[in-house]
Amino acid sequence: MDADVAVIGLGAMGSMTIWQLAKRGVSVLGFEQFGIGNDRSASGGESRLFRTAYMEGKQYVPMLQAAKKLWRQLEEETGNSLLTLNGGLMIGDPNTKAIQNILESIDTFQLEHEILQGEKATKRYPQFKLFSDEVMILDKNAGFIRPELAVISAAYQAETLGAEIHRFTKVEDIVPDNDGVTIAANGKSYRVNKVIVTTGAWTARLLPKMEKEVEARRLVLTWFPAKNIAAFQPKNFPIFARMRNDFRLTGAPTLDGTMVKASNTKDPNRVPDPSQLNRDVSLEEIKEVSAAVKELMPGLVPDPVRASVYMDGYTTDDHSMIGEIPGMHNTFLVAGFSGHGFKMAPVIGAIVADLIIDGKTKHDITHLDLNRNLVY
Ligand SMILES: Cc1cc2nc3c(=O)[nH]c(=O)nc-3n(C[C@H](O)[C@H](O)[C@H](O)COP(=O)(O)OP(=O)(O)OC[C@H]3O[C@@H](n4cnc5c(N)ncnc54)[C@H](O)[C@@H]3O)c2cc1C
């Protein structure tokens, strides 16, 4: 055996998983096809939003609270600042599912928040125009994460704790048998007891049988200059997610002092082959997000100064999949985070370590069970 466990793909989930396994003394190999902290998949683009009052469902709240503690642990272990909790504004029609889920999360778990409406809301946050059918909910346990530094911190910390990482090493095949699993990568083979596949949008390339379950989708991030950048500094401007029928505008305060992130992340398009991801941003895409910014964020200059393209793995119900792959003994899939996984990455790493070491976890992950909607 080359190691007890191998983790394939060291983006958000893989880096946190290898950190958690190494921390618990497991001998572990990691494989990443690009560099550590690369921006070729889902973990690039300067910031990721952290939210606790959760529009995707209140079942995530305990996991997110646990994730927050683990972000702080990783910061302590590495000395890097990764998560800034400057608050988060969720804006939308209270009759929508997203806002109802946020309110349910708040009620069930007594989350710190404020509800702002009408003039009171726009006086406090003049950076936004608000329609009469919308509310602003300020989630006090929200903010932003630095994704590249987070991945790098976890992977390097794992190495410090004894993990062996193979960079620029693409895994081409995984072959389980009764006694373990063989991995083929860069013309070499490696033998381990268990394999964890954290390949995100690339999952179906490595595991074609998962093509229907985890689909690659393309997301465009855009940044805009401000008329008065001071109004968009983290202390004055929370992260935000604004839902309306035809778009979902999400963003973060200025992190470099010159531009503000505001992107349309609604209904990302399918990417048939992740290795052929179109990283050009079309004029149509720019016009669409510019129009939304012009209408809703009067403090921004509506011509983007930066735009870049990423992709994530999506499932049919937008909840990820964690579990042993049917027919592949000792091979576990942890993928399909559907555009909202980064914030929870450290707790996912801890959950996977629990499952590998103890065969069970104290966290409720029923909604993430790999077998819930598999269609073979
Ligand atoms: C534009 C965008 C904005 C987002 N915004 C947010 C947000 O604000 N908040 C939030 O919580 N989440 C957000 N998400 C979602 C979040 O970033 C993802 O859900 C999360 O990063 C997925 O992690 P992952 O480990 O599954 O995939 P990734 O982070 O993409 O990692 C997969 C890794 O596997 C590697 N790999 C693939 N195949 C192989 C192979 N065969 N051999 C070796 N290595 C391989 C890849 O190179 C990659 O490094 C966003 C996603 C995108 C794309």
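Counting starts at 1 for both ligands and their atoms, in listed order. Predicted, not measured: the structure shown is a model, and the values here were computed from it.
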For M13, take its heavy atoms, then give the atoms of ligand 1 lying under 4.0 Å from any of them. 23 (O), 24 (P), 25 (O), 26 (O)

Taking only non-hydrogen atoms of F31 and a 4.0 Å limit, the atoms of ligand 1 in range are 43 (C), 44 (N)

Under-4.0 Å heavy-atom contact with ligand 1, by part of [X] that carries it:
X    : value
L221 : side chain
T199 : both
T169 : backbone
W202 : side chain
H340 : backbone

D256/K261 ion pair, N-O < 4.0 Å: no

Salt bridge present between R51 and E56 (N-O < 4.0 angstrom): yes

Donor-acceptor side-chain pairing of Y54 and K343 below 3.5 angstrom: yes

For residues N86 and T84, is any side-chain donor paired with an opposing acceptor at under 3.5 Å? no

With [atom] as the reference point, say which of [options] has the nearest heavy atom.
atom                    : options               : answer
atom 46 (C) of ligand 1 : M16, E56, Q33         : Q33
atom 47 (O) of ligand 1 : E32, M344, R40        : E32
atom 3 (C) of ligand 1  : R48, K261, K170, H166 : R48

Compute the ring centroids of F240 and Y125, then answer whether they are less than 6.0 Å apart. no

Measure the acute angle between the ring planes of F31 and H166, then classify it against the limits of 30° and 60° as parallel, tilted or perpendicular. parallel

Aromatic rings F128 and F237: how do their planes relate, parallel, tilted or perpendicular, breaks at 30° and 60°? parallel

Does some non-hydrogen atom of G313 fall short of 4.0 Å from ligand 1? no

Considering non-hydrogen atoms of the protein only, which is the closest contact for [atom], and what is the distance?
atom                    : answer
atom 23 (O) of ligand 1 : A12 CB, 3.4 Å
atom 9 (N) of ligand 1  : L49 O, 3.0 Å
atom 32 (C) of ligand 1 : T198 O, 3.6 Å

Answer whether the closest heavy-atom distance between the side chains of V197 and T331 falls below 4.5 Å. yes

